[in-house]
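Heavy atoms only: backbone and side chains are in, while hydrogens, waters and symmetry mates are out. Values in this document were obtained by computation on a predicted structure and should not be read as measured data. Throughout, protein chains are lettered first and strands after them, A, B, ... in sequence-line order, and every chain is numbered starting at 1.
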There are 2 protein chains.
Amino acid sequence: MSASTISRALAKHPRISVKTCELVQKTAAVMNYRPNHLASNLRRGKGKLIGVIIPRINRHFFSHAIAGMEAITNPAGYNLMICQTNEDFESEQQSLQTLINNRVDGIIVSVASGTRTTKHFKAAIDEEIPLLFFDRVMEELDTDRVVNDNFAGAYAVTKHLIEQGFHKIMHLAGPRHINVYKHRYTGYLKAMEEADLEVSPEMVIDDCLTRDKGEQFAEKLCDSGNLPDAIFSASDYSALGVLLVLKKRGINVPSDIGLAGFANEPFTEFLEPSITTLEQFGEDMGQSVARMLIDRLESKEEKKFTSSVSFKPQLIIRESTIKNKI
Amino acid sequence: MSASTISRALAKHPRISVKTCELVQKTAAVMNYRPNHLASNLRRGKGKLIGVIIPRINRHFFSHAIAGMEAITNPAGYNLMICQTNEDFESEQQSLQTLINNRVDGIIVSVASGTRTTKHFKAAIDEEIPLLFFDRVMEELDTDRVVNDNFAGAYAVTKHLIEQGFHKIMHLAGPRHINVYKHRYTGYLKAMEEADLEVSPEMVIDDCLTRDKGEQFAEKLCDSGNLPDAIFSASDYSALGVLLVLKKRGINVPSDIGLAGFANEPFTEFLEPSITTLEQFGEDMGQSVARMLIDRLESKEEKKFTSSVSFKPQLIIRESTIKNKI
DNA sequence: AATTTTTGTGCAATCGATTGTACTAAAAAT
DNA sequence: ATTTTTAGTACAATCGATTGCACAAAAATT
């Protein structure tokens with residue numbers, strides 16, 4: 001029996017008789033036949049490889065996202081090629097080239113904070129490699145994407161703070177050129193506005209996302225003696241820094257100052273007080289992009305549309321914002 | 001100029017003149033030539049793919065390990081295919097088959113706790129696919145491996161507890177069939193023995209690695225009223241559970257009971273009191289196995305030896321074991 | 001000058017699955 | 001019984017890099 005017949009039998013080609021199909025299938029099983037993906041990939045010109053570019057693998061959110069992607073891509077026969085940018089633009093650019101050179105079937109990107117232009121992504125688009133964004137998107141590019149509704153999240157937590165009786169609420173912000181931080185900022189603004197609370201420029205602290213930055217900020221704040229009612233940080237890490245300093249200085253959270261973060265990092269639950277924050281469902285989001293990409297790859301259709309999924313972060317209320325215990 | 005000449009020129013074959021080499025290289029650069037990995041892989045029968053089987057991607061230790069592996073394998077042109085077992089034997093078996101079917105060049109495994117036999121690994125060995133173990137090893141298999149010196153770590157922390165004046169020290173253990181937990185147990189025993197401290201059977205609690213199990217254990221312990229001086233847990237998670245219950249019950253750590261964990265999970269630093277634990281250098285270990293595997297793959301030599309690297313965990317002393325503040 | 005050696009290239013086969021085309025046998029239609 | 005249709009299978013080319021072998025040209029040797 002010729003190789004072509006066997007190939008078609010395995011693929012259940014309509015021109016092959018059912019008997020033959022079954023015979024081939026059985027025989028294949030008996031002789032423990034395994035198709036050589038390399039060969040079929042060569043033929044199809046595709047490698048069943050998906051490139052992933054993220055700032056860091058070992059962040060709570062991203063490692064969960066990767067876990068989610070694997071859960072979808074592995075059973076579908078795709079492999080993941082994962083690149084870390086460490087938030088660096090050069091590195092992102094290079095990773096993208098590497099992925100293109102490896103002829104990946106598609107690319108999932110979460111943009112580095114060092115990135116400010118979209119030019120390098122054009123390379124992938126020119127090669128007609130599907131490009132999807134994940135969490136950190138380039139808004140000016142019209143591509144498939146899976147994001148968090150950071151606006152809603154920030155709005156919810158800010159509103160919660162206000163309802164708890166905090167009025168002068170500061171915001172520790174991230175780079176405004178990244179959608180994620182921009183929306184956390186605007187969500188905060190919206191909630192404040194709606195409550196007729198003023199937001200003066202000095203109430204928003206830029207580039208304050210790390211533990212260190214949070215500590216430095218809190219030190220300065222304490223020195224100034226001019227404390228706000230509460231602080232909503234765009235990052236759990238800077239919220240952590242703030243909390244540690246406040247505690248050191250004997251300022252009580254939440255009775256003196258309310259505090260909320262973003263991302264539900266594992267440690268937020270165990271700090272004392274535990275920190276109110278927002279869960280981002282990294283694993284689900286990872287599954288979602290992976291599915292979106294595979295759908296795109298496996299439909300022969302032309303790209304006639306752009307998909308976009310937006311997850312709602314879940315507000316997790318903890319001690320750091322509950323002013324009045326019942 | 002023929003394809004063969006070009007191929008050789010690019011590979012700097014000695015039979016090709018330097019002029020030709022340079023010409024080819026330049027021309028290739030100009031026309032933006034990218035070798036098709038698929039084709040070359042097919043020819044060589046290898047896919048430049050490394051399989052990784054771990055219990056969970058999104059654990060602190062493992063996500064860092066993966067990050068370390070990527071850092072080595074990516075630049076070397078290898079991709080990682082990552083499978084999670086969720087500690088389940090069946091799943092491990094299946095992942096192994098998947099990797100073999102995908103004709104990976106090598107496999108890195110951290111054994112699931114549900115695994116008790118080595119039979120399924122024989123499949124990889126029969127296929128002559130290099131198999132390396134990482135952290136959780138099958139000791140009866142003579143393969144390359146990178147491990148933690150859990151014995152030394154456990155010994156160090158137990159000794160530290162003893163030096164701090166804790167004498168009756170309980171141990172929360174994991175499944176003894178896993179090297180990692182076995183050695184944490186024996187390290188603990190050794191230190192106790194050396195200090196002439198008795199370890200009665202009820203001082204070692206089996207299968208107590210999760211937060212839940214830790215909480216259950218601590219509840220029972222408190223109810224019994226028969227408290228030890230200290231507890232050394234083989235897992236930060238059960239240590240966490242214990243701490244939460246003790247605090248709830250008004251038992252002070254470390255003045256009433258000392259407490260130590262293992263793995264330096266991020267939250268251990270921020271609990272109150274912060275928990276003494278051991279850092280495992282996941283990223284370095286990941287780099288180490290990856291290097292070991294690539295060395296093996298790229299040396300044409302027969303396998304004449306078995307490599308083994310053992311990392312020393314670093315004792316991180318925190319509040320939970322410092323009985324007498326100075 | 002003739003012969004050997006060295007050096008540089010090209011031919012053609014190979015890796016294994018896939019697929020358009022062609023061909024044969026069987027079934028259906030006339 | 002002859003023609004048409006359809007089903008089932010095989011041939012051969014293809015994907016692109018690689019490599020053993022052979023051959024030609026140039027250099028070295030006698």
*Asks:* What are the two closest heavy atoms between B:R34 and A:R103, and how far apart are they?
*Replies:* O-NH2, 3.4 Å

*Asks:* Using a cut-off of 6.0 Å, state whether more than 12 heavy atoms not belonging to B:R116 lie near its atom CZ.
*Replies:* no

*Asks:* By the definition side-chain hydrogen bond (donor to acceptor under 3.5 Å, both in side chains), identify the one residue from B:Q93, B:Q94, B:E92, B:Q97 that meets it with B:H120.
*Replies:*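 Of the listed residues B:Q93, B:Q94, B:E92, B:Q97, the side-chain hydrogen bond (donor to acceptor under 3.5 Å, both in side chains) partner of B:H120 is B:E92.
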
*Asks:* Reckon A:S40 touches a base, only the sugar-phosphate, or nothing at all at heavy-atom distances under 4.0 Å?
*Replies:*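 The answer is sugar-phosphate, as A:S40 gets under 4.0 Å only of primed atoms, P, OP1 or OP2.
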
*Asks:* From CG of B:L38 over to P of C:dA17, roughly how many Å is that when rounded to an integer?
*Replies:*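 Taking atom P of C:dA17 as the reference, CG of B:L38 is at 15 Å.
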
*Asks:* Would you mind telling me which of C:dT14, C:dT18, D:dA10 lies closest to the side-chain atoms of B:R43?
*Replies:*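 Shortest atom-to-atom distance from the side chain points to C:dT14.
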
*Asks:* Please report, rounded to the nearest Å, how far the P atom of C:dA17 is from the NE2 atom of A:H13.
*Replies:*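 To the nearest whole Å, that distance equals 18 Å.
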
*Asks:* Can you find a donor-acceptor pair, distance only, under 3.5 Å between B:R15 side chain and D:dG20 base?
*Replies:* no

*Asks:* Looking only at side-chain atoms of A:T20, point me to the closest of C:dG10, D:dT9, D:dA17.
*Replies:*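 The answer is D:dT9, which lies nearest to the side chain.
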
*Asks:* From C-beta outward on B:S4, which listed nucleotide comes closest to its side chain: C:dT18, C:dG10, C:dT19?
*Replies:*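 Shortest atom-to-atom distance from the side chain points to C:dG10.
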
*Asks:* Does the plane of the ring in B:F61 sit parallel, tilted or perpendicular to the ring in B:F134? Use 30° and 60° as the thresholds.
*Replies:* parallel

*Asks:* Quick one: label A:S17 by what it contacts on the DNA or RNA (base, sugar-phosphate, nothing), any heavy atom closer than 4.0 Å.
*Replies:*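 Sugar-phosphate only.
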
*Asks:* For A:R8, report the nucleic acid contact type (base, sugar-phosphate, nothing); a contact means any heavy atom under 4.0 Å.
*Replies:*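 Base, at least one base atom sits under 4.0 Å.
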
*Asks:* Can you check the B:R34 CZ to D:dC15 C1' distance for me, whole Å?
*Replies:* 20 Å

*Asks:* Let me know the distance between NE2 of A:H37 and P of C:dC15, rounded to the nearest Å.
*Replies:* 19 Å

*Asks:* Rounded to the nearest Å, what distance is computed from the NZ atom of residue B:K19 to the C1' atom of nucleotide C:dT7?
*Replies:*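 Distance, rounded to whole Å: 11 Å.
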
*Asks:* Whole angstrom is fine here: how far is it from NZ in B:K46 over to P in C:dT14?
*Replies:* 22 Å

*Asks:* Can you measure A:K12 atom NZ to C:dA17 atom P for me and round it to whole angstrom units?
*Replies:*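 In whole Å, C:dA17 P and A:K12 NZ are 18 Å from each other.
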
*Asks:* On the 0 to 90° scale, with breaks at 30° and 60°, tag the A:F121-A:F133 ring pair as parallel, tilted or perpendicular.
*Replies:*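 It falls in the perpendicular class, over 60°.
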
*Asks:* Please state how far atom CG in B:L42 lies from atom C1' in D:dA17, giving the value in whole angstrom units.
*Replies:*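 Between C1' of D:dA17 and CG of B:L42: 9 Å.
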
*Asks:* Between B:T5 and B:R44, which residue's closest nucleotide on DNA chain C lies nearer the 5′ terminus?
*Replies:*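 By nearest-heavy-atom nucleotide position, the 5'-most residue is B:T5.
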
